[in-house]
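Just so you know, ligand 1 is whichever comes first in the structure, and atom 1 is the first atom listed for that ligand. Only a predicted model underlies this, so the values are computations on that prediction, with no experimental measurement involved.
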Amino acid sequence: MSADVVVIGAGLVGSAIAYGLAGRGAKVLVLDGEDRDFRAANANGGLVWLHGKGIGLPAYYELSRTSVELFRGLSDELADSTGFDLQLEQNGGLWLFLSDEQMEQRRAFLTRLDQETGRNEPEWKMIDRAAVSELLPNVELGREVVGASYGLRDGQVNSLRLLHALQAGIVHRGGELRGKTTVGLVRREGNGFRINFGSEQVSAAKVVIAAGLGSKDLARQVGLDIPIRPERGQMLITERLERFLPIPVMGVTQTSQGTTWIGTTNEDVGFDNSTTVSASASLGAMAIQLIPAMSEVKLVRQWAGLRIMTPDGYPVYAQSESHPGAFVAVCHSGVTLAAAHAGPLADSIFAGRLTSFFDPFHQRRFDVPKAA
Ligand SMILES: Cc1cc2nc3c(=O)[nH]c(=O)nc-3n(C[C@H](O)[C@H](O)[C@H](O)COP(=O)(O)OP(=O)(O)OC[C@H]3O[C@@H](n4cnc5c(N)ncnc54)[C@H](O)[C@@H]3O)c2cc1C
């Protein structure tokens with residue numbers, strides 16, 4: 001068995017890259033693990049979010065912005081080729097605040113971000129309570145809500161459909177996707193690689209490690225030390241309701257199908273994706289504080305997923321120096337970044353060299369000499 005590129009991991013990151021590579025004419029084989037693996041792609045909120053991202057690493061703002069801009073094209077292309085309507089909405093998003101002090105802190109933070117990115121025209125506004133009510137005409141806001149930051153380019157997508165459409169798109173473009181194929185070994189073979197899974201093996205000129213929390217061990221085999229850790233996020237899901245939130249509100253977002261998700265938490269609990277009563281209580285209280293009518297709504301589910309976090313929270317995209325042709329891609333906003341992964345990142349991997357656009361994301365930024 002052989003392929004031009006083997007992509008390890010068929011979550012949102014691996015699927016988006018493989019879809020992009022297959023579209024450029026590469027013979028792609030995607031190998032995905034077991035049903036019981038940790039899979040962030042099945043547990044997220046589906047936000048395609050921009051405003052507030054990139055503090056300390058302006059390149060991350062540019063990457064997210066590029067993806068947000070490319071998303072409509074990706075969505076249309078997938079709808080045409082696979083028939084999946086991704087239910088993409090990009091009409092803005094709100095982050096509500098409960099005091100004037102919080103509003104001022106947010107304004108200062110977003111202004112600093114604009115200075116760092118050199119952006120002259122802000123893609124956000126601070127708006128008062130009355131302006132929030134105009135955007136959410138069917139919502140009685142909690143009495144403490146004083147206003148919001150309003151991201152003009154934010155939005156949401158049905159992320160399960162996005163995942164299925166990307167996977168269908170890989171096959172549509174001539175690629176192959178295999179499940180229940182946990183990769184154990186990645187080894188140099190001539191100018192390429194030999195990749196072992198179970199009793200089988202495949203040879204490939206390039207390998208892309210996009211296996212979420214499973215990436216660390218695989219990356220080490222090609223000389224890349226990726227410092228990732230799990231971060232648990234819990235969410236509550238409500239019954240379906242008539243649409244009352246026309247745009248996503250951070251913390252309480254209604255999907256186009258009517259369900260509303262409340263969340264999420266950010267917990268450092270290792271590889272534990274169980275749910276807790278304390279999280280359900282605090283998330284419920286937060287939702288009622290923002291929108292009191294949430295107290296009348298039935299909850300139908302609670303779930304937890306594990307984010308893939310680096311020490312600074314930003315992605316790692318890198319090609320191994322000791323094993324050229326081996327790439328790694330991990331991040332915690334794989335929904336938002338899907339269009340950048342299927343577009344510019346796939347372009348770079350196809351060409352065999354990450355462009356300078358991706359330099360700030362190399363994992364060498366974590367190689368700080370240890371103090372004696
Ligand atoms: C609660 C929560 C909310 C979130 N909300 C958002 C959001 O609103 N917007 C946003 O942009 N992002 C969000 N995210 C993040 C987003 O879900 C992830 O960034 C994205 O799903 C990561 O995808 P991935 O492909 O890297 O990893 P995963 O989805 O975890 O996939 C990794 C895949 O690799 C496979 N694998 C692992 N090891 C091996 C191996 N050895 N061999 C073969 N296959 C292997 C696994 O089986 C799995 O299928 C959220 C995450 C969480 C947890």
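The single protein non-hydrogen atom nearest to atom 42 (N) of ligand 1 is Val183 N, 2.8 Å, given as residue, atom name and distance. In terms of protein heavy atoms, atom 29 (O) of ligand 1 is closest to Ala41 N, 2.8 Å. Here the protein heavy atom with the shortest distance to atom 26 (O) of ligand 1 is Val13 CG2, 3.2 Å.
Comment: Arg243 engages Glu89 in a salt bridge, judged by a side-chain N to carboxylate O separation of less than 4.0 angstrom. A salt bridge does not link Glu144 to Arg129: none of the charged side-chain nitrogens sits closer than 4.0 Å to a carboxylate oxygen. Using a 4.0 Å cut-off between a side-chain N of Lys or Arg and a carboxylate O of Asp or Glu, Asp272 and Arg232 qualify as a salt bridge.
Between Thr182 and ligand 1, not a single N/O pair is under 3.5 Å apart. In terms of N/O distances under 3.5 Å, ligand 1 is approached by Thr336. Between Asn44 and ligand 1, an N or O atom pair is found at a separation short of 3.5 Å.
With a heavy-atom cut-off of 4.0 Å, Leu213 does not touch ligand 1 at all. At a heavy-atom cutoff of 4.0 Å, ligand 1 is contacted by no atom of Trp49, backbone or side chain. Looking at Arg39 against ligand 1, both its backbone and its side chain come within 4.0 Å, counting heavy atoms. At a heavy-atom cutoff of 4.0 Å, ligand 1 is contacted by the side chain of Asp37 but not by its backbone. With a 4.0 Å cut-off on non-hydrogen atoms, Ala211 touches ligand 1 through its backbone as well as its side chain.
The aromatic ring centres of His341 and Tyr317 sit less than 6.0 Å apart. In this structure, Phe271 has its ring center under 6.0 Å from that of Phe38.
Set against the non-hydrogen atoms of Thr181, the atoms of ligand 1 under 4.0 Å away are 42 (N), 43 (C).
Look at Leu337 and you'll find every heavy atom at least 4.0 Å from all atoms of ligand 1. Heavy atoms of Leu218 come nearer than 4.0 angstrom to ligand 1 in at least one pair.
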TODO: Go through the steps to decide whether Thr253 and Gln156 satisfy the test side-chain hydrogen bond (donor to acceptor under 3.5 Å, both in side chains), and finish with yes or no.
DONE: CA-CA 9 Å; Thr253 289; Gln156 63 172 326; 5.8 Å; no
Task: Verdict with supporting geometry, Arg178 and Asp32, salt bridge (Lys or Arg N to Asp or Glu O under 4.0 Å) - done: CA-CA 6 Å; Arg178 290 186 58 176; Asp32 198 36; over 6 Å; no
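For the pair Lys53 (side chain) and Tyr61 (backbone), a donor-acceptor distance under 3.5 Å is absent.
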